[in-house]
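What follows is a short report on a single structure.
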Amino acid sequence: MSTLAIDIGGTKIAIGLVENDAIVERRQFPTPLVQDAKAFAQAIIEHSLDWVGISKRIGVSTTGLVSKQGISAINPDTLAFPAPFPLAQALEKTTGLPVAMLNDAQAAAWYEYTQIGSSTRNMAFITVSTGVGGGIIIDGKLHSGMVGLAGHVGHFSIDPNGPQCGCGQVGCVEAIASGTAIKRRSDELFSPAISNVELFELAKTNPQAEEIIAASAKAIATLCCNLKATLDLDVIVLGGGVGLAHGYLPRVQQCILQRPNAFQVPIVAAKGDYDACLLGAAFQFNKEGSR
Ligand code: BMX
Ligand code: ZN
């Protein structure tokens, strides 16, 4: 069965045609302005017209808090959805196909769980990208909580003297570690401004650049140890553009190894690589089935 998978991030939207649990074709484009759900749905469908006809269903993974009513932003600085944004309904109306929707990191957590060894029952997926997102699997089930908020670990407040977060709290992991936070800090230090990809390259020789990346990795390590203490996870899976950048995971691992044994937790790179959230968009249909 063909599934049209859509992954909506703060910066880009990835779409894929998924057949037999694999992406057979893939496209991406910048996230359009979020104003009207119908126009937003139309903009996505324009990029996938040729796939809509052959797809039986649409799976969406999106940044933001997902409820039956629609999507709303926890941190409007990453993507300012006018809440609740009824995108699933708009996609269903436009295409006539059934639509399922999950938070991006929750969807990726489920996908990664289906790919990991059978001894793993409790795990988290963390994406370090425009924001910092997360999804939690407890005893083999995706835990989304009463209103779908579970897994929003980017909003663990870890430094009372830290930077303001767009969610309204202070010192959130996302405000310290995300791609957006890294870029903000980098823009304060380097002129002319450089991209995050250039910053990672520069960090090989420039201690100030290294310090920015190290601060991000340290915040993610703190988050991992806090999650271990809370949920006694078997493993944490890391994804996202920053999370998968060369040398980032070893930096996080190094920081975790400096913590007391009890709070250390293995951390591995996402099997779905940069497409963990996109694969998750399609895999949410298999959620009730066993692994
Ligand atoms: C934010 C929040 C999460 C999301 C995470 C990663 C919004 C709009 N998003 O914490 O729901 O999972 O960012 O999002 O409040 P990404 O765009 O970086 O993939
Ligand atoms: Zn926050």
Side-chain angles (χ1 to χ4, degrees), residues 1-19 23-111 127 129-131 133 135 142 144-152 166-167 275-288:
M1 173 184 306
S2 300
T3 303
L4 170 58
I6 301 171
D7 169 34
I8 301 166
T11 315
K12 59 148 180 69
I13 294 182
I15 56 176
L17 184 64
V18 175
E19 276 164 15
I23 299 170
V24 290
E25 272 189 87
R26 182 193 190 285
R27 296 170 191 154
Q28 76 176 53
F29 46 94
T31 306
L33 213 65
V34 192
Q35 277 167 339
D36 167 62
K38 203 173 148 200
F40 196 81
Q42 208 86 51
I44 298 173
I45 294 307
E46 258 165 41
H47 287 89
S48 48
L49 271 182
D50 48 335
W51 298 345
V52 170
I54 51 173
S55 296
K56 289 274 175 296
R57 56 194 186 182
I58 299 179
V60 183
S61 64
T62 178
T63 184
L65 175 65
V66 174
S67 71
K68 276 206 174 65
Q69 288 73 39
I71 316 166
S72 48
I74 293 298
N75 179 359
D77 291 352
T78 56
L79 197 55
F81 288 106
F85 192 64
L87 182 64
Q89 293 87 329
L91 281 169
E92 235 158 40
K93 256 208 169 132
T94 312
T95 63
L97 294 173
V99 178
M101 188 158 76
L102 261 184
N103 166 269
D104 53 1
Q106 290 176 345
W110 178 252
Y111 170 75
T127 173
S129 44
T130 309
L142 178 69
S144 46
M146 198 165 74
V147 296
L149 183 70
H152 274 79
C167 75
D275 279 334
C277 296
L278 185 61
L279 284 157
F283 268 66
Q284 67 186 295
F285 290 103
N286 315 335
K287 233 167 9 93
E288 301 315 321

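Here the structure is a predicted model, which means the values were calculated and not measured.
One finds the OG1 atom of T62 at 6.5 Å from the CG atom of D104 (value rounded to the nearest 0.5 Å). Of the inter-residue distances, the one linking H47 atom NE2 with Q42 atom CD reads 12.5 Å to the nearest 0.5 angstrom. Between atom CG of residue D275 and atom CD of residue Q28 there is a gap of 8.5 Å, rounded to the nearest 0.5 Å. With values rounded to the nearest 0.5 angstrom, L17 atom CG is found 9.5 Å from S48 atom OG. Here CD1 of I45 is found 6.5 Å from OG1 of T94. Values are rounded to the nearest 0.5 Å. Taken to the nearest 0.5 Å, the NE2 atom of H152 stands 5.5 Å off from the CG atom of L65.
A donor-acceptor contact shorter than 3.5 Å links the side chain of T31 to the backbone of G9. Q89 places a side-chain N or O within donor-acceptor distance of the main-chain N or O of K68, the cut-off being under 3.5 Å.
Minimum heavy-atom separation, S129 to T127: OG-OG1, 3.2 Å. The heavy-atom pair separating P32 from A43 by the smallest distance is CG-CB, 4.1 Å. Here the closest heavy-atom approach between residue L142 and residue A109 is recorded as CD1-CB, 4.4 Å. Nearest approach of I6 to A281, heavy atoms of both residues: O-CB, 3.7 Å. The nearest pair of heavy atoms linking A90 to A37 is CB-O, 3.7 Å. Between T63 and G10, the closest heavy-atom pair is CG2-N, 4.1 Å.
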Inset, instruction - List the steps and the verdict of side chain to side chain contact (heavy atoms under 4.5 Å, CB included) for I44 and I15. - result: CA-CA 8 Å; I44 298 173; I15 56 176; 4.2 Å; yes
Legend entry - Residues I71, M101; criterion side chain to side chain contact (heavy atoms under 4.5 Å, CB included); working and verdict: CA-CA 9 Å; I71 316 166; M101 188 158 76; 3.6 Å; yes
Inset, instruction - Check the pair Q284, N286 against side chain to side chain contact (heavy atoms under 4.5 Å, CB included), reporting the backbone distance first and the verdict last. - result: CA-CA 5 Å; Q284 67 186 295; N286 315 335; over 6 Å; no
Legend entry - side chain to side chain contact (heavy atoms under 4.5 Å, CB included) between I8 and L79, worked out: CA-CA 10 Å; I8 301 166; L79 197 55; 4.2 Å; yes
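Within the 4.5 Å cutoff, the side chain of V66 has no heavy atoms near those of the L102 side chain. Residues R57 and F285 have side chains in contact (heavy-atom distance under 4.5 Å, counting atoms from C-beta outward). Side chains of L278 and R26 form a contact here, defined as non-hydrogen atoms less than 4.5 Å apart. Looking at L4 and V18, their side chains never come closer than 4.5 Å, going by heavy atoms from C-beta outward. Taking 4.5 Å as the limit, some side-chain heavy atom of L97 sits within range of a side-chain heavy atom of S55. Two residues are said to be in side-chain contact when any heavy atoms from C-beta on lie closer than 4.5 Å; I58 and T3 fail this criterion. The shortest distance between side-chain heavy atoms of I74 and L149 falls below 4.5 Å.
In the displayed structure, K12 atom NZ is contacted under 6.0 Å by more than 12 heavy atoms of other residues, nucleotides or ligands.
Each ring-ring contact (aromatic ring centres under 6.0 Å, His included) pair with one or both residues in residues 72-102, not counting sequence neighbours, appears once here: F40-F85, F81-F85.
Counting only N and O atoms by type, the side chains of S61 and D7 include a donor and acceptor under 3.5 Å apart. Side-chain contact, S144 with Q106: no donor N or O sits under 3.5 Å from an acceptor N or O. Using a 3.5 Å distance cut-off with no hydrogens or angles, the side chains of T130 and T11 do pair a donor with an acceptor.
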